[in-house]
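All values reported here derive from a predicted model rather than from experimental measurement. Hydrogens, waters and symmetry mates play no part in the numbers below; they use all other heavy atoms, side chains included. A, B, ... follow the sequence lines: proteins, then strands. Residue 1 opens every chain.
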Amino acid sequence: MPEAKPLARRNLALLGFLLLLLVLWQAVWSLGLLPSYSLPSPAQVAVRLAELARDGTLWPSVQASVVRMVLGFVLSAALGLVLGLAMGLSALADSCLRSLFLGLQTLPSAAWVPIALLLFGLGDAAIYFVIVMSSMAAMAIATADGISHIPPHYLRAARSLGTSGVALSTRVALPAALPSIVTGIKLGWTLGWHGVVSAELIKSSIGLGYLLNAGRELNDAAQVVGIMLVTIFMGLLLDRVLFAWVERRIRVRWGFAPDTSRE
Amino acid sequence: MTTAAIAGSAAAPARITLSGVTKRFVTPRTSVNALGPISLDVAEGEFVVLVGPSGCGKTTLLNLVAGFETPTDGEVRVDGALVAGPGPDRAMIFQEPALFPWLNIEDNVAFGLRQHTHMSAAERRAVALEYLRLVHLEGFEHAFVHELSGGMKQRAALARALAPRPRALLCDEPFGSLDALTRERLYAELQELHAQTRRTTMFVTHNTREAACLADRVVVLTTRPATIASVVAVDLPRPRNFYDPHVSEQAGQILAQLRAEPTAAGGGLDA
């Protein structure tokens, strides 16, 4: 286990860094550098989060945001994969869709909210629309790039083993592009999460974005900062824990990274 | 199952005929005569090794037979039928093993068996295991590609190519990146496999000793555009040892043939 020691040291360093940030934050607050109504202390944030958790406000909102995210993301990933596959296989589809997607990607996810509300009204459909528009293009482009960069000998080997047509796409092209697709999905998840919170910020009666906005309206800085921390935590949880694990496994299996699990 | 089942009679070895084949690569800026004209007849079950200076177009020749490229002039026929594209009757082994990292070794070897739609999953599995045994990889059927050494990967690639019982085997310097010891063992195994399965084999290399060790006939190619400089029949008993003095002697003769080739002006990459 030669990796264990450096890893533990890196985690220790990270922990130390986070503590340092916390101390700095406390110092800025204690010295009164910013008015107390705009910057709460770490302790005030912790107390407020505990209150929100206890009075049953926090959990339903976390749940609502995550459920919206999962549903919207599944839809977005399905569309992104199909369009990306089309782009990867057809130069015509690629030249049309790539420019469109690159253009759309310049829009921040919050910029999709007004048009979503006009198109879909005040329901959750508007939120799903924002998630899809925020994240689909990145996943389509990653899928297309993955397919166009497949090592040609995979395709040649498959063809000389009698594979052609649809089977060549489903049994060879898509799995061969998997490392790139997973990177796209990871990025899409982060972008989609931006989309959910942005949409909830403007129109919703539940969710993390709603709690953020409610905090601002009540001049409750502790709630605003607390919900921001929860949003970061939820985003990181899936990105760093689930997707990073999947990505790592794929990189090892595809021979891009050394296998450290068995040493 | 035994050797009899592997050798089988369902798929007879192919006869490969090239007549007046040339290949020209044209890009907007350049036009390169890569190959030919070449006419060559490879008999059923024959093991032909193509040697030539690097960059001479050996791989292009193999790609034409495999159907990855189409000839500019002339034609390639397998048992009289014009080659129109890649097909499972001609299995190819590449310089890189080209195994699929998303499948385990058994599924890699069984990959080409899907075309035999009459086979059940259990039958495909049985055949895959049989070929893994044949290349001495029993026990590794559940391993993934990154867990194998270079030599084991090429063995698995060989099993994958042979499992669907192709009628011809095309090898593009498959052992080039392996260490000497591994290579030596694979020469022995490849000869054994050829003796058992009798697939018509076209094998490309620039190693003359490899050629002498494996071939029934060695076709010596010129620098680019490759044409046939000479054909050397290797009439040594099998199995041959890589370091056998007779093999060395043959290799020396082939090398002399290669050296007799002048470095063509405009030969491009050729040294």
**Q.** Residue part contacting chain B, namely of Ala167(A), when any heavy atom lies under 4.5 Å
**A.** neither
Does atom [atom1] of [X] have more than 12 heavy-atom neighbours from other groups under 6.0 Å away?
X	atom1	answer
Arg24(B)	CZ	yes
Met234(A)	CE	yes
Phe120(A)	CZ	yes

Q) Measuring heavy-atom distances to chain A, does Asn63(B) have an atom under 4.5 Å in its side chain, in its backbone, in both, or in neither? A)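 When you check distances to chain A, only side chain atoms of Asn63(B) fall under 4.5 Å.
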Q.
Counting only non-hydrogen atoms closer than 4.5 Å, does Leu103(B) touch chain A with its backbone (N, CA, C, O), its side chain (CB onward), both, or neither?
A. neither
Check whether any side-chain heavy atom of [X] lies under 4.5 Å from a side-chain heavy atom of [Y], and answer yes or no.
X	Y	answer
Tyr154(A)	Leu99(B)	no
Thr163(A)	Arg114(B)	no
Leu161(A)	Pro88(B)	no

Q: Flag this pair as yes if the NZ/CZ of Arg171(A) is under 6.0 angstrom from the six-membered ring centre of Phe111(B) and inside a 45 degree cone about the axis; otherwise no.
A: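 Here Arg171(A) passes the 6.0 Å and 45° test against Phe111(B).
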Q) Hey, what do you get for CZ (Arg159(A)) to CE (Met92(B)), rounding to the nearest 0.5 Å? A)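 Answer for the CZ-CE pair, Arg159(A) versus Met92(B), is 11.5 Å.
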Q. Who wins among Ala157(A), Gly162(A), Ser160(A), Ser164(A) for the most heavy-atom pairs under 4.5 Å with chain B?
A.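 Ranked by contacts with chain B, first place is Ser160(A).
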Q: On the 0 to 90° scale, with breaks at 30° and 60°, tag the Phe94(B)-His153(A) ring pair as parallel, tilted or perpendicular.
A: tilted
